[in-house]
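Data first, discussion second: the structure below is written as structure tokens.
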Number of protein chains: 2
Amino acid sequence: MSDLHPPEHQVAGHRASASKLGPLIDGSGLFYKPLQAGDRGEHEVAFYEAFSAHAAVPARIRDTFFPRFHGTRLLPTEAQPGEPHPHLVLDDLLAGFQAPCVADIKIGAITWPPSSPEPYIAKCLAKDRGTTSVLLGFRVSGVRVVGPEGAVWRTERPEVKAMDTAGVRRVLRRYVSSVADEGMDCALAAAVYGGKGGVLSQLRELKAWFEEQTLFHFYSASILLGYDAAAVAAGGDGGGVTVKLVDFAHVAEGDGVIDHNFLGGLCSLIKFVSDIVPETPHTQPLGPS
Amino acid sequence: MSDLHPPEHQVAGHRASASKLGPLIDGSGLFYKPLQAGDRGEHEVAFYEAFSAHAAVPARIRDTFFPRFHGTRLLPTEAQPGEPHPHLVLDDLLAGFQAPCVADIKIGAITWPPSSPEPYIAKCLAKDRGTTSVLLGFRVSGVRVVGPEGAVWRTERPEVKAMDTAGVRRVLRRYVSSVADEGMDCALAAAVYGGKGGVLSQLRELKAWFEEQTLFHFYSASILLGYDAAAVAAGGDGGGVTVKLVDFAHVAEGDGVIDHNFLGGLCSLIKFVSDIVPETPHTQPLGPS
């Protein structure tokens, strides 16, 4: 526990510092997320507890698309010296990656649970309209790409805030391009987005669950995409291509109704990603030439 | 043209009268919809013209899920004596039905095109939040059920305005129940919702198109369900089960993005309908007993 530090692969939200709480890792494969202020933190804990134990959630969905939850823990923080803060303890989704690449995409045209107080709805709505959320059904919160040799490209906050549809298309191409290549060659698109176990295939499996599940409405949750550029460059099946839902401070009960808002945004993201995969050069078929 | 009158199967919007414009039929199989005020009427004409001629719209989709468009025509109206009003000329979707049953369902959690003026957005948003639109991704605008002998059950406006999730479930059961039966027996569910050519099968075909199409965003459009209770009661394949999109005054260009808002609501409607079909008694299998 002495080695707590902010993860370098964090792309959205506040970074832990002397003035702010933020997520921490300790190199053991766990990810510590400080409970948010107000009732959001408790709400997220309550979601993880309910979700982890819910008999109607298929094990395959829980294990594939959600971080594993290990309870909560009080941790010392730089922002609150002498006053330990409760943290969610989750799996670090990118633990062990040599060159962790990550994209955080907030899903849904509507990010406010209908039961929220008016000022909160007004604030969210302004943000949903001012970003691509209403138009695309999702917005990109942050992207970080690392080349196999360690060169890093990442989105900056002003760029993220101003990102339009063309910007979303660019950054989704950038996410699977050689990091040094300004031309966005999409060199890794087939390996990361395509194929069995790729992002598209995983998103489609998630979509099938959202067409049926009426347990939870995932307002303001994100899909976190991850892969290890070093492993992908090395070839084989070990690229660590990951698709996970995160950020559950605003999840509402589904009450027998599907989460059409998340599902619509997910379908839109699937279309954006599938528009990129066919652009990659096809592998030459084996055989006499 | 001398026999113009409001269709008895109209379930939403203003009914044509001495004080209001409203749709008319003349018994020839055509449906005349008065152009709406402001730019809405022209906008709807422009949509029908663009859509009818669009090479990227599959003929099967256009013919199955949209009313046929026959241009516009100036017609005399009771509300504006001596001042003919332009009308869209469309197929009457229920022409020839002996006992026309109809449900008008406005699709989408968001009914306002993002480019709309602020007061219009505020007005729509209040309505979307005050009805089931935000929660379910659709709201029921009106339902009319006619028994084979002519008994009629229909929603009244106050009931429609106050309809909650349970009310939506009830009315979707009522739509396929014997009209005299308060218990909502869902006697026609298998014939109308289920089977090849039934509502569910048609909605799923429509959904597959919406997962791909990026031409139009159908803000505030409705799905009109129709069937002929007399034909369904008579058995056979001739129940006239119909699924059509209508009301295109607020359609926006898709600009390469899918209509996640319509698609999400459509998926939600599919789930509601599919929750009803399995409740119906199964047909006894043929064979020795």
Side-chain angles (χ1 to χ4, degrees), chain A residues 107-116 118 121-122 124-126 128-139 164-166 168-169 203-204 207-214 217-219 252-275, chain B residues 107-116 118 121-122 124-126 128-139 164-166 168-169 203-204 207-214 217-219 252-275:
Chain A
I107 307 292
I110 292 172
T111 61
W112 38 275
S115 62
S116 309
E118 289 303 320
I121 292 179
C124 289
L125 192 59
D128 298 345
R129 293 177 59 197
T131 62
T132 63
S133 292
V134 166
L135 204 55
L136 307 189
F138 67 87
R139 64 179 182 251
D164 61 4
T165 304
V168 168
R169 287 196 196 281
L203 290 178
R204 291 204 172 106
K207 170 181 168 240
W209 183 58
F210 268 92
E211 286 173 349
E212 292 297 328
Q213 80 86 12
T214 62
H217 289 186
F218 291 91
Y219 292 105
E253 301 255 338
D255 286 330
V257 177
I258 68 163
D259 188 351
H260 56 85
N261 177 60
F262 191 99
L263 177 58
L266 177 56
C267 290
S268 178
L269 177 61
I270 287 172
K271 185 66 165 71
F272 270 75
V273 173
S274 69
D275 284 348
Chain B
I107 307 292
I110 293 173
T111 61
W112 39 276
S115 63
S116 309
E118 289 303 321
I121 292 179
C124 289
L125 192 59
D128 298 345
R129 292 177 60 196
T131 62
T132 63
S133 292
V134 166
L135 203 55
L136 307 190
F138 67 87
R139 64 180 182 249
D164 60 4
T165 304
V168 168
R169 288 197 195 280
L203 290 177
R204 291 203 171 105
K207 169 181 169 238
W209 184 59
F210 268 91
E211 286 174 348
E212 293 298 328
Q213 80 86 13
T214 62
H217 288 185
F218 291 91
Y219 292 105
E253 302 254 337
D255 286 330
V257 176
I258 68 163
D259 188 351
H260 55 85
N261 177 59
F262 191 100
L263 176 58
L266 176 55
C267 290
S268 179
L269 177 61
I270 287 172
K271 185 68 166 71
F272 270 75
V273 174
S274 68
D275 283 348

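Every chain is numbered from 1 and lettered A, B, ... according to where its sequence line falls, protein lines coming before strand lines.
- Both the backbone and the side chain of B/Leu136 come within less than 4.5 Å of a heavy atom of chain A.
- At a 4.5 Å heavy-atom cutoff, the contact between A/Ile121 and chain B is made by side-chain atoms alone.
- If you measure heavy-atom distances from A/Ile110 to chain B, the contacts under 4.5 Å come from the side chain alone.
- Across all non-hydrogen atoms, the minimal contact from B/Ile258 to A/Gly264 is CD1-O, 4.4 Å.
- A/Lys271 approaches B/Glu211 most closely through the heavy-atom pair CD-O, 4.0 Å.
- Proximity to chain B is absent for every atom of A/Ser274, based on heavy atoms less than 4.5 angstrom apart.
- Residues meeting the ring-ring contact (aromatic ring centres under 6.0 Å, His included) test with A/Tyr219, sequence neighbours left out: none.
- Distance alone, capped at 3.5 Å, places no donor-acceptor pair between the B/His260 side chain and the A/Ser268 backbone.
- At a 4.5 Å heavy-atom cutoff, the contact between A/Leu135 and chain B is made by backbone and side-chain atoms alike.
- Every residue meeting the ring-ring contact (aromatic ring centres under 6.0 Å, His included) condition with A/Phe210, not counting sequence neighbours, appears here in chain and number order: A/Phe218, A/Phe262.
- B/Leu125 touches chain A through its side chain: at least one heavy atom from C-beta onward sits under 4.5 Å away, while N, CA, C and O do not.
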